Amino acid sequence: MGVAAVSLLTTSGLTRHFSGIHAVEGVDFTLEAGEIRALIGSNGAGKTTLVSMICGRIPPSAGEIHFDGRDITRWPAHRRIMAGMAYTFQISSIYAGLPVFENVALAARRKRRGRAAEAATQEALMRVGLWERADQPAGDLAYGHQRLLEIAMGLAQSPRLLILDEPTQGLSEGEIAAFKALIRELAPATTILLIEHNMSVVMELAERVTVMDMGRILAEGTPAEIRANRAVQAAYLGTG
Amino acid sequence: MEFGPYLMLATLEGAVSAAVLALTAVGLSLVFGVMRVVNVAHGEFFMLGAVVAWTVAHWLGGHPALGFALALVVAPVAVGGLAAVADWLVLKRIGYDPERTIVATIGLLYIIQQGALMGFGPEARPVEPPFNTRLALPWIEWGEEGLRLVWPWGLATTSYKLFVILAAAAVLLGVWALMARSRAGLVMQATREDREMALAFAIPVGRVYAGVFGLGAGLAALAAVLIVPIQQAHYLMGGDPLLLSFIVVIIGGLGSLPGTVLAAVLIGLTDGIVSVFFSPTLAKILATLLVAMVLVFRPQGLFGSTAR
Amino acid sequence: MRGGGARAWTLHLAVLVLLLAVQFVLPAYHHGNLARIMVLASYAVGYNILFGYTGLLSLGHALFFAAGMYGLGLAIKLGGWAAGPAIVAGLGAGLLLSLAVGALALRTSGVAFMIVTLMFAQAGYLAILYFGAFTRGDEGFVIPREARMIMWLDLADAATRYFVALALFALCLLFCLWLMRQPLGRALIAIRENEERTEMLGYDTFRLKLVAVAISGTMSAAAGAAYALLFGYVGASFAAVQYSILPLLWVLVGGAGTVLGPFLGTLFMFYLIDIASGLTTAYMMIAGVVLVMITLFARSGLLGEARRRLWGWLP
Amino acid sequence: MLRIEAVDAGYGRAQVLRRFSLEVAAGEVLCLLGRNGAGKTTLMRAIMGHLPLMGGAIRLEGVELSALPPHEVPRQGVGYVPQGRRLFGDLTVAQNLAIGLMARGQGEETREWVLGLFPRLRERLGQRARTLSGGEQQMLATARALCLRPRLLLMDEPTEGLQPSMIEAIRQVVARMRDEGVGILLVEQRIDAVLAIADRVAFIENGRGGEVVPAEQLRRDHALVERYLGV
């Protein structure tokens, strides 16, 4: 067949309908190993639905998903995670009743045991700056810290593909700067797919940007190309 | 008796239990539909209805029709009122959390059941039917000179049993009219669909909940008043109606009124017919397993359309 | 939950030592009661693994308790087995039934899960009545004294009975304490706290829940088998819905998701009902009032409240 | 008219609004701008009483809304068009309107007035709300709120996912309400939608109130938008 390089993730014709509404319509999306990709678009454009299908939270109505050369369309979520995906939720979904340490340890234990899991937990918590709070109940953390905890849970899984759904929402300026530095450290060992509203984060981090509108991919390109794209300005920035 | 007439007799008996079951189950379904909680004490409200009916009839004396007529009014109102109070005192305070509601209503079940044991005693007590004419029924037979009507011995029902069927049908029609045609029905439907939006349109959701809980219990009590001249009042009589109502509500599709009535007729008739021909225990085992399987493989019920 | 390990083990071992010691000072009546409570508490510990730690509310555990009881009882009565192999039969029955029920019921969740488990248990109860020719239905049957021997141990003897009940209880308690410090136990707690998140961390939540049902069901069966063996009676009332609700009640009273809570709850309710039944025939009313009061005022039960307010390290 | 005074609100232990203050005058459209998660919908729910306040107060012409039980708030003349419309989907268009009319005891006259504003709905009276198109659903959600003859109208992303013609229709009705003296608090994401309708714009960031500026200023000063939205 002569496929030259296998992309880390491809979707073809991926579609999802919710009671008649086409949330995502025939999306062909490709992610190369090692890149940092941003996914942008206005509310309701279908970004979260698309990544939810990629990581198996919701089944697609039609289409296929390939990860690392394998057809994972029908895999349950946990199997995709074990194959190397990690997903952080848009609205932070943590174990509010458990200590911060245990939150991350649960993530680390999927691939490691005992001391190794504890070490990975500690490392992830130190990376996001939450190590001092390891023994607090996670529900007592401030909103911004809960977002960081989500990211730490993603890191602790040492994923090959890290999907971050609006990670900087609710973070302060200083925390956003630290987040950017962290993501730069992770690539290219980890491929990163980022849903983001904060344009400064998108423009500074992403190598390529994909724009969605009304369930379809509207444009794709480097940040500079996207910034210059009239169609994107009209649909997303609303200043066309 | 031959098979045909026998089947007809079984069907009639089944229709009586179907009628009473439909009333009871619609009460449970209403509570589940609007409030999204399962009331495990529903069977005890049924039992209370029977106990109140006996008490009213016993105190009033005179012609049985008098006591019965009074009980038809007093029992649903009293039991419904008690349920509304329980809603206010307990369920409202736990925020209608589905799991805690189940635990709390199990508690209510024990309290009501044991309260009845203390107040009413362990005996089964009969209530005299207001009228009870025996009606012999005809059967059609192929004779030597073609079709003819025969009156087989034993094929009979009573005027009271026919009344039960008609009364239940009338009440169900009333419930349907209430839900589909009245302002109160509109308010209940709006509350069921979106509690918060109901509040945003000035619907006092707390009072609607108390009212629905009371109405559900009242329907169970009414069903019990209808059946008690046939079955006797007993403090443990709530178990079977609860289980059967569960079955009916699940098969009919949780919270759907037409589905519930349809399922009640189906289950009531099958129960009546099957227990005439087979062991009632075996019938119950099969019905229970069937319901469990329906919930596992078709959670929207046999007659429900789609899951929400 | 890091640390606190040594303290927790010390506390639980101390409780077991205390239970070992009190038998020498207790009057015969309470001595017998405590043996019974320890067997029932083992049932509650098993129930708690599913309800308290995994967050699955079953209303059908009487089925597993009865599976242990009848598995053992029928093996002795019909098969003429000795007590030892009969225990294995009881445990096996509990394991198989819990796997089957779990595989089906876990396709549902929340209220539907409660109802499905309730229905399966009800079917089991009715089956016991239906096959009255073998089970003697409501009446039940007595296990003869000569069958209640394990090697040289005479289980009908009060002192032996107490020791065996304590051994069973200690086994269940320490197993639970150990399990909840293992990755498996932690994953079960994670499912209770946030199932979707747990799935998205790569855990096969269905399989884990099935394992929880199986552990919980088998432990319940062990308690059922022990009850039959120690007290010599097998009856359908142990399969009725009441015996599904009782462990829920005990666990709620003592504190769901605490290791010692089920024992405390069983002890408390046993004596509450014991005292109440001296006063009135309607002693189950006490259980009803307690259930309502717990849902209203003490969501986390005796030990749960203690953990929340006083000792955060309590397992 | 509407005074939000140093409101604290949130869910459980997570506080979303922090000492948030804002005023809406009669006859103006005030747009609330902020990123996802900034607390806009939380503010709407707090005004409606769906979320108990942890501190502060909300008053409508002197009446303390935050002291009323939630179902009394609409009776004070507060109409709510929530995000995602949240119609009573199993009920018909006519029944949805009937529930709106019931709230403040409005009669036939109000119904005719509302149907006059949205003639499309008149053709759909017997249809179930969930079978309407997205634009019609938004019309119905707006019409249902107008059935209260509100003094204050809360609209949460009313143009989300709509076609331009529908957006225009909604916008015209909003302008008309404003001219009749209704105070309108509008949450929007798209700058163009905001600029087209707003009199004033208030910013919200991490649950705290930011600047409140005339919409005019926003048209000129794009740096302001970038600061709050990062666009």
Side-chain angles (χ1 to χ4, degrees), chain B residues 29-30 32-36 87-88 92-97 100 176-212 252-260 300-301 303-308, chain D residues 12 41-42 44-52 65 68-92 94-106 128-130 137 140-141 143-150 152-156:
Chain B
S29 170
L30 210 59
F32 182 83
V34 176
M35 302 166 70
R36 301 273 146 196
D87 171 83
W88 206 259
K92 186 187 157 114
R93 281 164 202 247
I94 55 176
Y96 301 98
D97 174 84
R100 290 173 79 200
W176 174 80
L178 177 78
M179 290 307 288
R181 292 273 179 271
S182 78
R183 239 174 111 95
L186 203 57
V187 163
M188 281 190 262
Q189 289 196 52
T191 308
R192 188 198 71 195
E193 279 205 42
D194 193 330
R195 204 186 104 86
E196 203 172 280
M197 283 329 291
L199 279 176
F201 287 92
I203 295 174
V205 167
R207 262 174 269 163
V208 174
Y209 277 9
V212 167
L254 294 166
S256 136
L257 283 191
T260 304
Q300 70 273 36
F303 305 125
S305 46
T306 51
R308 262 167 223 280
Chain D
T41 299
T42 305
M44 296 287 199
R45 297 188 63 219
I47 297 172
M48 292 310 295
H50 298 160
L51 199 68
L65 296 182
L68 297 175
H71 70 270
E72 291 288 347
V73 172
R75 296 207 174 125
Q76 294 299 317
V78 185
Y80 183 29
V81 184
Q83 190 176 16
R85 294 145 202 152
R86 294 175 73 173
L87 297 168
F88 302 114
D90 280 344
L91 303 185
T92 62
Q95 286 174 317
N96 270 278
L97 294 178
I99 285 171
L101 293 168
M102 245 185 247
R104 291 182 87 198
Q106 300 292 331
R128 276 177 201 260
R130 77 166 76 259
Q137 290 195 5
L140 179 55
R144 182 178 63 171
L146 291 181
C147 281
L148 275 74
R149 294 270 185 179
L152 173 71
L153 192 58
L154 308 177
M155 303 183 85
D156 200 344

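Source: prediction; values computed, not measured. In the text below, chain A, chain B and the rest are named by the order of the sequence lines, each starting its count at 1.
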For D:Phe88 against B:Ala198, the heavy-atom pair lying closest together: CZ-N, 4.0 Å

Heavy-atom contact with chain B under 4.5 Å, split by part of D:Glu72: neither

Proximal component of D:Leu91, with respect to chain B [non-hydrogen, under 4.5 Å]: both

Separation between NE2 of D:His71 and CZ of B:Arg207, rounded to the nearest 0.5 Å: 4.5 Å

Heavy-atom proximity to chain B below 4.5 Å, by part of D:Arg45: side chain

Heavy-atom pair with the smallest gap, counting every atom of D:Pro74 and B:Ala200: CB-O, 3.2 Å

Nearest atoms (heavy-atom pairs only) where D:Tyr80 meets B:Phe201: O-CZ, 4.1 Å

Side chain to side chain donor-acceptor pair (under 3.5 Å) against B:Arg183, all qualifying residues, sequence neighbours excluded: none

With sequence neighbours excluded, residues passing ring pair (Phe, Tyr, Trp, His ring centres under 6.0 Å) with B:Tyr209: B:Tyr96

Atom CZ of D:Arg86: over 12 foreign heavy atoms under 6.0 Å: yes

D:Asp90 side chain reached by B:Glu193 side chain, heavy atoms, under 4.5 Å: yes

Top of D:Met48, D:Arg104, D:Arg75 for chain B proximity - count of heavy-atom pairs under 4.5 angstrom: D:Arg75

Shortest non-hydrogen separation from D:Met102 to B:Leu186 and the atoms involved: CE-CD2, 3.6 Å

Any B:Met197 side-chain heavy atom under 4.5 Å of D:Ile99 side chain: no

Distance (rounded to the nearest 0.5 Å) between D:His50 NE2 and B:Leu199 CG: 5.0 Å

